Amino acid sequence: MGFRKEYLDLILVPSGLLIMFTYHLFLLYRYINLPHKTVMGFENNDKRAWARNIMAVEKKELGPTITVLQNNTQASTALAAVSLTLCSLIGAWIASSSNAFFQSQLIYGDTRATTISIKYICLLICFLLAFACFVQACRHFVHATYLISTPKIPGTPDSSIPVRSVEIAVIRGGDFWSLGLRALFFALDLLLWFFGPIPMFMCSVFLVMILHYLDYNSRPMHPHRSHGDQFQMSKGSFDV
């Protein structure tokens with residue numbers, strides 16, 4: 001029995017997914033153990049400094065800070081809506097389409113109805129996962145807004161909200177945002193599977209190359225100083 005084109009799906013599709021999963025496991029390892037080598041770790045360092053500084057300013061000066069969080073919330077909401085809309089379109093397509101195009105001879109690969117159903121299910125899972133991650137990102141950004149806008153207790157110089165709580169809310173919102181984007185990248189990879197396993201495998205390799213370039217950080221982390229440190233330095237200069 002000779003080689004059949006259906007065998008390409010059994011070889012190239014798992015290989016492409018293995019490349020994507022292996023890269024993201026490697027990225028997760030670096031993010032946990034070597035955060036300064038990743039762009040996300042570099043950005044988290046800036047977010048921690050941002051959270052420390054905004055908790056030291058007066059509540060009446062928090063207008064730009066709230067605007068930043070609102071912009072992040074709106075962006076997450078928009079992508080969540082897009083993901084949910086695509087899920088609905090895929091569900092409607094599964095229910096009403098005959099899939100004649102994806103079963104044609106133009107697609108070099110497995111074009112059986114069962115395989116096409118698996119493609120739809122995998123793509124739907126990616127969009128649902130992206131939707132869930134973007135919703136969680138909105139949740140954390142909204143929670144950070146509540147923490148930042150909490151009034152100070154009269155008679156106390158500092159806010160009653162720990163800075164660490166604001167840092168965690170902002171960083172977790174960014175992490176869920178990144179996970180939602182990764183789910184969309186996987187969805188793009190699986191979308192090309194509809195046109196055959198060869199485009200899907202090539203897309204996997206291309207995405208890993210691009211993501212490695214975008215995720216790798218070679219710049220040293222900036223040693224940010226908090227608002228309180230700057231105040232102490234300026235006070236010390238006047239004492240001298």
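Here the structure is a predicted model, which is why all the values come from computation and not from measurement.
In terms of hydrophobic clustering, with Ile, Leu, Val, Met, Phe, Trp and Tyr side chains grouped at heavy-atom distances under 4.5 Å, Phe194 and Phe127 are assigned to a common cluster. Hydrophobic clustering, with ILVMFWY side chains joined whenever heavy atoms are under 4.5 angstrom apart, keeps Leu18 apart from Val208. Grouping the Ile, Leu, Val, Met, Phe, Trp and Tyr side chains by contacts below 4.5 angstrom, directly or via other members, places Leu147 apart from Ile168. Linking ILVMFWY side-chain heavy atoms closer than 4.5 Å, directly or via other members, places Ile116 and Leu191 in a single hydrophobic cluster. Residues Met209 and Leu12 fall within the same hydrophobic cluster, defined by Ile, Leu, Val, Met, Phe, Trp and Tyr side chains chained together at heavy-atom separations under 4.5 Å.
Annotation for Val135: hydrophobic cluster partners, listed by chain and number, are Leu84, Phe131 (ILVMFWY side-chain heavy atoms under 4.5 Å, direct or chained). Connectivity analysis of hydrophobic side chains (ILVMFWY, heavy atoms under 4.5 Å, direct or indirect) links Leu214 to Phe206, Ile210, Tyr213. Residue Val142 is found in a hydrophobic cluster whose other members, listed by chain and number, are Tyr146; membership requires side-chain heavy atoms under 4.5 Å apart, directly or through intermediates.
Applying the ring pair (Phe, Tyr, Trp, His ring centres under 6.0 Å) rule to Phe21 yields the partners Phe186; only residues at least two apart in sequence or on another chain are considered. Looking at residues two or more places apart in sequence or on another chain, you find no side chain to side chain donor-acceptor pair (under 3.5 Å) involving Ser83. Qualifying side-chain contact (heavy atoms from CB on, under 4.5 Å) partners for Thr85, counting only residues two or more places apart in sequence or in other chains: Leu89. Taking Arg139 as the reference, nothing meets the salt bridge (Lys or Arg N to Asp or Glu O under 4.0 Å) condition, with sequence neighbours excluded. Partners of Ser88 according to the side chain to side chain donor-acceptor pair (under 3.5 Å) rule, which considers only residues two or more places apart in sequence or in another chain, do not exist here. In this structure Leu34 satisfies the side-chain contact (heavy atoms from CB on, under 4.5 Å) test together with His36, Lys37, sequence neighbours excluded.
Closest heavy-atom contact between Ser76 and Ala137: OG-CB, 3.8 Å. Listed here is the closest heavy atom pair of Asp189 and Ser204: OD2-OG, 2.7 Å. Contact between Tyr216 and Val39 at its shortest, heavy atoms only, is O-CG2, 3.7 Å. Across all their heavy atoms, Phe42 and Asn217 have their closest contact at CD1-ND2, 3.6 Å. In terms of heavy-atom proximity, Asp9 sits nearest to Val13 at O-CB, 3.2 Å. Across all their heavy atoms, Val166 and Ala51 have their closest contact at CG1-CB, 4.0 Å.
Met200 is listed as a side-chain neighbour of Leu17, based on a closest heavy-atom distance under 4.5 Å. Contact of the Leu27 side chain with the Met40 side chain is registered, since non-hydrogen atoms from C-beta on lie closer than 4.5 Å. With a 4.5 Å cut-off on side-chain heavy atoms, Leu25 and Tyr29 do not count as touching. At least one side-chain heavy atom of Asn44 sits less than 4.5 Å from a side-chain heavy atom of Arg48. Counting heavy atoms from C-beta outward, Leu207 and Met20 have side chains that approach closer than 4.5 Å. Side-chain contact between Trp193 and Ile118: present, with at least one pair of heavy atoms (C-beta onward) separated by less than 4.5 Å. Looking at Phe201 and Val205, their side chains come closer than 4.5 Å, going by heavy atoms from C-beta outward.
Between the SG atom of Cys203 and the CD1 atom of Ile198 there is a distance of 14.0 Å, given to the nearest 0.5 Å. To the nearest 0.5 angstrom, Thr73 atom OG1 is 9.5 Å from Ile66 atom CD1. Separating the SG atom in Cys138 from the CG atom in Leu69 is a distance of 12.0 Å, to the nearest 0.5 Å.
Listed by first and then second residue, the salt bridge (Lys or Arg N to Asp or Glu O under 4.0 Å) pairs that reach into residues 67-77 come to none, sequence neighbours excluded. Each side chain to side chain donor-acceptor pair (under 3.5 Å) pair with one or both residues in residues 121-135, not counting sequence neighbours, would appear here, but there are none.
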### Message
Apply side chain to side chain contact (heavy atoms under 4.5 Å, CB included) to residues Thr77 and Gln74 and explain how you reach the verdict.
### Response
CA-CA 5 Å; Thr77 303; Gln74 291 174 358; 5.5 Å; no
Can you give the donor-acceptor pairs under 3.5 Å from side chains of residues 172-184 to other protein atoms, not counting sequence neighbours?
unit_1: Asp175; atom_1: OD1; unit_2: Tyr31; atom_2: OH; d: 2.9
unit_1: Asp175; atom_1: OD2; unit_2: Tyr31; atom_2: OH; d: 3.4
unit_1: Ser178; atom_1: OG; unit_2: Gly174; atom_2: O; d: 3.1
unit_1: Arg182; atom_1: NH1; unit_2: Asp215; atom_2: OD2; d: 3.0
unit_1: Arg182; atom_1: NH2; unit_2: Asp215; atom_2: OD1; d: 2.7
unit_1: Arg182; atom_1: NH2; unit_2: Asp215; atom_2: OD2; d: 3.2

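Taking the six-membered ring where tryptophan is involved, the planes of His212 and Tyr23 are perpendicular, since the angle between them exceeds 60° and thus also 30°.
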